Every structure is written in structure tokens, then in C-alpha cells.
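As the structure is a prediction and not an experimental result, all values here were calculated from the model. Just so it is clear: chains get the letters A, B, ... in the order the sequence lines come, proteins before strands, and each one is counted from 1.
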Protein chains: 2
Amino acid sequence: MFKKVLIVDDHDAISKSVQQVLTACKVKTTDVVQYCDDAFLKVKRAALDDVDYDLVITDLSFKKDHRNANFESGEDLIAALRRDFSQLPIIVYSMKDQLQKVRQLVNQYHVNAYVCKDRKGSIQLEEAIKTVAQKQRYLSPQVAQAVQQKNDLEIYDYDIQLLKLLSQGLSQDEISQNFKANGISPNSLSTIEKKINKLKDQFKANNAIHLVALVKDLGLI
Amino acid sequence: MFKKVLIVDDHDAISKSVQQVLTACKVKTTDVVQYCDDAFLKVKRAALDDVDYDLVITDLSFKKDHRNANFESGEDLIAALRRDFSQLPIIVYSMKDQLQKVRQLVNQYHVNAYVCKDRKGSIQLEEAIKTVAQKQRYLSPQVAQAVQQKNDLEIYDYDIQLLKLLSQGLSQDEISQNFKANGISPNSLSTIEKKINKLKDQFKANNAIHLVALVKDLGLI
DNA sequence: GACTTCCTTACGGGAATCCGTAAGCAAAAT
DNA sequence: ATTTTGCTTACGGATTCCCGTAAGGAAGTC
């Protein structure tokens with residue numbers, strides 16, 4: 001079992017409950033931080049002092065406040081941790097249940113578990129901790145399908161970028177210009193049209209407005 | 001101070017922390033439910049048995065699960081409570097911090113307090129409970145401006161409905177048809193155009209896609 | 001080399017939108 | 001009664017979007 005765990009969550013009710021779960025799992029040391037920036041510094045400090053954490057449990061969304069944050073979200077923190085501490089196990093504990101989000105975190109950042117904060121959250125978190133302790137991956141049942149099913153709904157950076165610009169009010173022509181200016185290819189107006197069309201098919205959207213509304217609901221952008 | 005309080009929240013970590021706050025406030029009886037439907041039934045039952053609750057503290061968003069819910073959100077629950085128990089004090093305790101949401105809850109449903117779940121959540125909740133106990137309204141500082149500032153960004157049901165249909169992929173013509181079918185007026189294609197245009201101005205949106213993206217971010221739809 | 005396949009790009013016609021102008025109409029103001 | 005004001009509605013032209021067709025080019029296959 002883990003010996004030294006860092007909990008990253010802005011709400012103390014949550015971090016307390018996580019601490020209880022960890023205590024039940026016989027974890028000796030649990031530290032809590034409320035900001036992603038603090039989390040990264042603490043992990044770094046611990047590594048320098050040769051008292052490394054052997055698990056990080058983190059939320060994804062953090063409220064902004066007076067402090068200006070370097071890492072604004074759990075995703076940012078995870079990206080930084082994976083860059084500098086690639087072997088450090090990470091458990092995500094979040095309200096979000098969009099499959100695309102889970103898929104990204106598992107495939108791109110190789111998080112070791114994804115637990116949905118809901119009615120069964122604490123129980124699933126305990127399972128996750130035990131599973132990850134045995135070097136295995138854990139996903140909450142409601143998001144498990146995110147990775148098993150080979151789905152054609154796979155979305156790529158290009159499409160995400162396209163959808164973002166679309167949602168920011170750029171016309172198809174402007175998106176084409178933008179892509180050309182930023183060296184993103186393909187970038188002809190015709191192809192932009194085609195891509196948007198394909199996405200509309202994929203998401204069964206009636207028009208571009210509908211498409212953007214749908215992908216926003218899915219949390220893709 | 002209150003004597004009998006009902007806590008409505010999906011996540012037990014939150015409800016436990018709320019219970020602790022209530023205990024610190026010398027509240028004797030605190031009941032907890034995880035579903036909006038249960039909350040409504042419990043309030044109703046208590047009223048029939050002449051042991052009414054004198055405060056409800058509720059979240060806004062609830063995860064769906066196997067149970068098919070009558071009330072899907074805290075808003076639904078609040079609407080029902082306000083219809084049948086108009087004098088019952090209600091405190092909203094939610095992650096959401098969109099001003100429009102707060103405004104709606106305060107102006108339309110007359111909730112007695114709105115507390116944002118964030119780093120200072122528990123402290124603010126305690127203040128809210130004490131303030132509401134003295135028959136006053138409490139709003140978290142970060143959303144207090146929601147009601148004080150007379151803002152021209154006021155949005156009406158008609159516009160919300162319009163934006164919703166737009167985001168669901170209906171064309172302007174279809175929206176016109178829809179309004180005619182549902183007896184909503186004005187409903188000519190020309191007016192629909194004008195209204196959308198006005199909204200685009202109001203929100204400084206470049207086009208309809210941008211508009212829908214913006215109002216979705218604001219939590220208006 | 002000839003061929004298929006997949007992707008990008010160009011183009012054109014029809015549909016939907018954007019945007020300004022103007023007519024119609026009702027309530028309020030003078 | 002007339003005017004003003006505000007809103008709804010109709011219409012027309014410019015632009016953008018939508019959607020199909022086809023040409024061009026870079027792979028890989030035979």
C-alpha cells in the first residue's frame with residue numbers, strides 16, 4: 001500500500017473525505033493542498049528531499065480566486081507531473097463524467113485511475129486506491145467504456161481546434177486563414193467545410209450551431 | 001436558530017461537512033438525502049406529520065443514475081418546494097457561480113441564500129445559515145453582484161427559449177414554426193432574425209454559433 | 001508504369017443567414 | 001385627432017453556409 005499521498009482538491013469537505021478513505025487504507029502520511037501550483041511545488045520539493053510521494057489524488061476543476069495560478073486545472077497539473085515525474089501514480093477524482101475527457105486522461109496522460117465523484121464516490125475511490133496499489137488501472141464503471149470500446153467517435157486535435165475556433169465565432173473562411181497563418185494543414189476553405197460536415201454527421205447535428213452546442217455539452221471544448 | 005434541517009446533496013463528503021457546520025450552529029436535527037425526489041417527499045411527509053423542516057440546504061446539480069428521477073436538478077426541487085411550501089427557507093450550496101443562475105434563483109424562486117462551494121465554502125455556509133436564521137438574505141461575495149447591479153444584460157424567457165431552440169439545431173425558419181405552433185409571440189421569421197441579432201449585439205458575438213457558445217458558457221441555457 | 005485509395009482542393013448552385021429598409025399597427029403622448 | 005414611439009412583419013440584396021461533383025496529388029498495390 002502507499003505510504004505518502006498528496007491530495008489536491010479545492011474543497012476541504014472532499015479532501016477530508018479522501019483522507020478518511022486513505023486512513024482506512026492504512027496510508028500513513030497524507031498531505032492536502034488546495035491549489036494545483038502548490039501541488040506541483042510540493043511534489044518537486046519532496047523529490048529534492050528524497051521523500052517522494054508515491055500517489056497523487058487530484059480533482060480536475062479548480063475555482064479561480066485572487067491568487068494567479070500557473071496551473072489552472074487538474075489537467076495542467078497532470079501534464080506537468082507526467083513530464084517531470086512520469087512514474088508517479090495519479091488518481092483523478094472528479095465530478096466530470098464525459099467519456100472524451102476520461103479517454104484523453106488515460107490515453108494521453110496515462111493516469112492510473114479515474115473516479116467519478118458521485119453518490120458512490122468514496123467507495124469507488126477506495127477500490128481505485130487498492131487497484132492502483134497493485135499496479136493496475138481503475139476506472140469508475142460509468143466511464144469504463146471510455147477506453148474499452150474502440151469507438152469511431154475518436155476526435156483529434158485538429159477537429160478540437162476547428163471546433164474551438166468555430167465556437168469563438170470565426171467564419172469558415174476565417175478558420176481557413178487562421179490555419180494557414182498558424183501552419184496547420186489542411187487549411188483550404190473546402191476542406192474546412194468538409195471537416196465540419198463530417199463532424200456534423202458524427203455527432204448527428206443538424207447544423208453548425210447544434211454541433212458546437214453538442215460538443216460543448218460533451219466537454220470536448 | 002433552526003431546529004430541523006434537510007440537507008440535499010449527492011455526495012456524502014459534502015453532506016457530512018454541511019452536517020458538521022450545522023452541528024457547530026447548534027442545530028439539533030439534520031437529515032440527509034441524496035436525491036431531489038426523496039427531499040420533496042421527506043418535506044411533504046414532515047409537513048403532514050406536523051414536524052416541518054425549518055430549513056433546506058440543497059445542491060443544484062445531481063448525477064443521474066439507475067433511479068429515474070422526477071426532479072432532475074436542484075432547480076426543479078426548489079420550484080416544487082416554492083410552490084407547496086412558500087415559507088420554507090432554502091439555502092443553495094453549489095459549485096456554479098454564474099451570475100445569471102444566481103439571479104434567477106433569487107429573483108424568481110426567492111431562495112434565501114446562495115453559497116458557492118469553493119475553498120471558503122464551509123465558512124460562507126455558516127455565515128449564510130446564521131444570516132438566514134435572522135430572516136435575512138445571504139449571497140457569497142463572488143456572486144453578490146448578481147442582484148445588486150441593475151444590468152442591461154437582463155434576459156427574458158422568450159430569449160432563453162429562442163437560444164435553446166437555436167442550440168438544438170433548429171433553423172430560424174423552424175423556430176418561427178415552432179413558436180407559431182406553441183402560441184409564442186412574436187414568431188415571424190423576420191422577428192426571430194431581429195431577436196437573434198439583438199442578442200448577438202448584447203453578447204458581442206460574431207455570429208450565431210458564437211452566441212450559443214457564449215450563453216452556454218454563462219450557463220443561461 | 002498503371003491502378004486503386006485516400007485525402008486535399010476547387011468550383012457551382014441552392015439554401016440559409018445576415019443586414020438594411022420600409023410598411024403596418026397599437027399604445028402612449030401631445 | 002394627430003404625432004410619436006416602439007414593436008412586429010415583409011422584402012430584397014449581399015454574404016455565408018451547405019452539399020454534391022470533380023480535379024489534383026501522394027501514398028501504397030499489383
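Among A:Val212, A:Asp201, A:Asn207, A:Leu211, the one residue that satisfies the side-chain contact (heavy atoms from CB on, under 4.5 Å) test with A:Ile196 is A:Leu211.
The residue B:Lys200 sits close only to the backbone: its heavy atoms come under 4.0 Å of sugar-phosphate atoms, none of a base. Nucleic acid contact for A:Ser171: sugar-phosphate only, since backbone atoms but no base atoms lie under 4.0 Å from a heavy atom of the residue. A:Glu193 comes within 4.0 angstrom of a base, heavy atoms only. In this structure, B:Lys195 reaches the sugar-phosphate backbone alone: every heavy-atom distance under 4.0 Å involves primed, P, OP1 or OP2 atoms, never a base. Among the atoms of the strands shown, only primed sugar atoms or phosphate atoms (P, OP1, OP2) are found under 4.0 Å from some heavy atom of B:Asn187. As judged by a 4.0 angstrom heavy-atom cut-off over every strand, B:Ser190 is placed among the base-contacting residues.
Put simply, the side chain of B:Arg82 gets close to the backbone of B:Leu88: a donor and an acceptor are under 3.5 Å apart.
With rounding to whole Å, B:Leu170 atom CG is found 15 Å from C:dT17 atom C1'. Counting to the nearest Å, the P atom of D:dT15 and the CG atom of B:Asn197 are 16 Å from each other. In this structure, B:Ile192 places its CD1 atom 14 Å from C1' of D:dC7, rounding to the nearest Å. Rounded to a whole Å, the CD1 atom of B:Ile184 is 13 Å from the P atom of D:dT9. Rounding to whole angstrom units, NZ of residue A:Lys194 and P of C:dT8 are separated by 11 Å. Atom CG of B:Asp201 and atom C1' of C:dC18 are 12 Å apart (whole Å). Between B:Leu162 atom CG and C:dT17 atom P there is a gap of 12 Å when expressed in whole angstrom units. Put simply, NZ on A:Lys198 is 20 Å from P on D:dC17, counting in whole angstrom units.
Taking each heavy atom of B:His11 and A:Tyr93 in turn, the nearest pair found is NE2-OH, 2.9 Å.
Both B:Lys180 and A:Asp173 lie near DNA chain D, and the one whose nearest nucleotide falls closer to the 5' end is B:Lys180.
We find that B:Lys198 and B:Asp159 are not joined by a salt bridge, their nearest charged nitrogen and carboxylate oxygen being 4.0 Å or further apart.
Candidate nucleotides C:dT9, D:dT9, D:dC17 were compared by shortest atom distance to the side chain of B:Ser188, and D:dT9 ranks first. Among the nucleotides C:dC18, D:dC18, C:dA10, the one closest to any side-chain atom of A:Asn207 is D:dC18.
Considering CG of A:Asn187 and NZ of A:Lys195, their distance stands at 11.5 Å, rounded to 0.5 Å.
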